[in-house]
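A short write-up of the structure that comes next.
All values below come from the heavy atoms of this structure, side chains included, with hydrogens, waters and symmetry mates left out. Positions are given from 1 along the sequence.
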Amino acid sequence: MSTGSGAVVIGANAQAGANGIALGANAVAGDNEIALGNKDLGSATQGLYLKGGVMTAGSEVATKEEFDSLSSKVDKISGYVEDALAELDKNSWEIISKVSQAGLAASYWSVGDTKTITVSGTVGTLSVSDSYNVYILGFNHNSTYEGSNTIHFGCFKTTGGVDVALVDSCYGSSSIGATKYFNMNHSGNNNYGGWAACDMRYDILGSTNVNPQNYGSAHSSGDAGYNPSSTCATSPVGDTLMAALPSDLRAVMKPMTKYTDNVAGATNVAGNISATTDYLPLLAEYEVQGTRSYANTYEKNYQAQYDYYKNGNSKIKYQHSASSTTCFWWLRSAYYSYSNYFCGVVAGGGAGSGGANNARALAPAFCI
């Protein structure tokens, strides 16, 4: 069957006749029919089907709840999915967001697909104005803890496809003078409060718009960080990476739930692990490497490796300003047995660590 006029078709090998809607791999709908699942109407064993006004669920007549559910799904989809394109980069962020909300993103796009954005503004002390690609890290990542109907994106690649991370003028050096370099903490060399309380989260990334306890001073044991308000992405902290992202992207960014050691201070216990809400977090050691080396032993129990890295893609990143030079990029996991280190990815792509006062490269993630 060829795709008919006015049809909406999503999924590999899906087909629909005139004004038909076929959603899902191998779904087949005739003229004015709806098929949601992975079989055709003649051999319905999975999914929901509407033909001639009769709804069926596999071989059974559908309940009113099933009919209402499908009707709601079609109402959500029919107004915009026909505008979505298979090439991710050709879609607006609004369309990408709506397809994600409908739970259909993986039917359209693949892990590793890219979309070009313009990053323009001041990030800490770095002035940046250039086009970069963001790329899909995974769909419905770690849904047990982080929710479903999501697309997680990583930052950045050049438009030519080179993996890069942002670096500033202090890269590779240390500073505790309160200047907003790309170090995890600006006023002291410690990891007290872990990811939640680090300066990087607030005033470089803009992943939260609420400053941590004792912000502006060296952190102490027991310092806490705070979750963002609902306007974190749309009214970002100034001179942060969040503020440098395009407004149409920020308008559809979803808050992310991330589990991390938010106590640190060389106390490697399960009770240190807690959830934060973030809009632009660094990745964790386990999310990249798929194994634990230097992070809190218990972090991985609440995390999952991103499919992008599970699929074998390179963990090596290059400096955005010198794309033939590799770099060490920060992760949000605190070092389990030192009170002044955070984890990172070394120049060769393996697990590593660095002092909290060292300036390193940035490669955060976000969710649509």
Side-chain angles (χ1 to χ4, degrees), residues 8 10 23 72-121 123 128 130-143 145-157 159 166 201 205-210 227-238 240-258 276-283 306-308 362-368:
V8 176
I10 300 175
L23 308 176
S72 174
K73 176 77 77 172
V74 171
D75 287 343
K76 288 167 62 180
I77 294 168
S78 59
Y80 57 81
V81 168
E82 64 266 30
D83 295 326
L85 300 170
E87 185 178 339
L88 179 68
D89 192 44
K90 292 183 177 180
N91 294 278
S92 69
W93 283 111
E94 181 183 16
I95 291 293
I96 293 169
S97 173
K98 289 179 176 178
V99 174
S100 177
Q101 290 172 29
L104 297 167
S107 296
Y108 250 100
W109 306 302
S110 300
V111 170
D113 284 356
T114 63
K115 181 168 174 60
T116 302
I117 64 171
T118 298
V119 181
S120 182
V123 183
V128 58
D130 212 338
S131 294
Y132 297 99
N133 286 348
V134 294
Y135 53 96
I136 295 178
L137 288 168
F139 302 102
N140 301 320
H141 173 74
N142 196 23
S143 59
Y145 292 106
E146 301 186 34
S148 56
N149 293 354
T150 60
I151 312 172
H152 288 219
F153 284 85
C155 306
F156 294 104
K157 295 176 184 281
T159 54
L166 299 181
R201 180 178 177 233
L205 295 171
S207 190
T208 179
N209 58 353
V210 182
N227 287 333
S229 74
S230 60
T231 61
C232 180
T234 54
S235 298
V237 176
T240 62
L241 180 55
M242 178 67 81
L245 296 178
S247 59
D248 59 337
L249 166 57
R250 292 188 284 105
V252 297
M253 289 172 68
K254 292 179 181 177
M256 306 167 75
T257 300
K258 288 295 184 182
T276 56
T277 300
D278 281 276
Y279 281 86
L280 195 60
L282 299 177
L283 276 63
Y306 274 106
D307 286 342
Y308 179 83
L362 305 185
F366 62 89
C367 177
I368 299 298

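At least one test fails for K115 against the ring of W109: distance under 6.0 Å to the centre or angle within 45° of the axis.
Between H141 and H152, the two ring planes are tilted [angle within 30° to 60°].
In this structure a side-chain-to-backbone donor-acceptor pair under 3.5 Å is missing from N209 to P236. Judged purely by atom type and a 3.5 angstrom limit, T276 has no side-chain atom pairing as donor or acceptor with the backbone of D278. Remark: the backbone N or O of T277 is paired with a side-chain donor or acceptor of N227 at under 3.5 angstrom.
Residues that satisfy the side-chain hydrogen bond (donor to acceptor under 3.5 Å, both in side chains) test with T231, not counting sequence neighbours, are S229. Scanning for ring pair (Phe, Tyr, Trp, His ring centres under 6.0 Å) contacts around Y308 gives Y135, with sequence neighbours left out.
Taken to the nearest 0.5 Å, the CZ atom of R250 stands 10.0 Å off from the SG atom of C232. From L362, atom CG reaches atom CZ of F156 across 8.5 Å, with rounding to the nearest 0.5 Å. Note: C155 SG to Y132 OH = 11.5 Å, rounded to the nearest 0.5 Å.
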Does the side-chain hydrogen bond (donor to acceptor under 3.5 Å, both in side chains) test come out yes or no for E146 and T150, once each step is laid out?
CA-CA 9 Å; E146 301 186 34; T150 60; over 6 Å; no
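Nearest approach of S131 to T116, heavy atoms of both residues: CB-CG2, 4.0 Å. Closest non-hydrogen pair, I95 versus N91, comes out as CG2-OD1, 3.7 Å.
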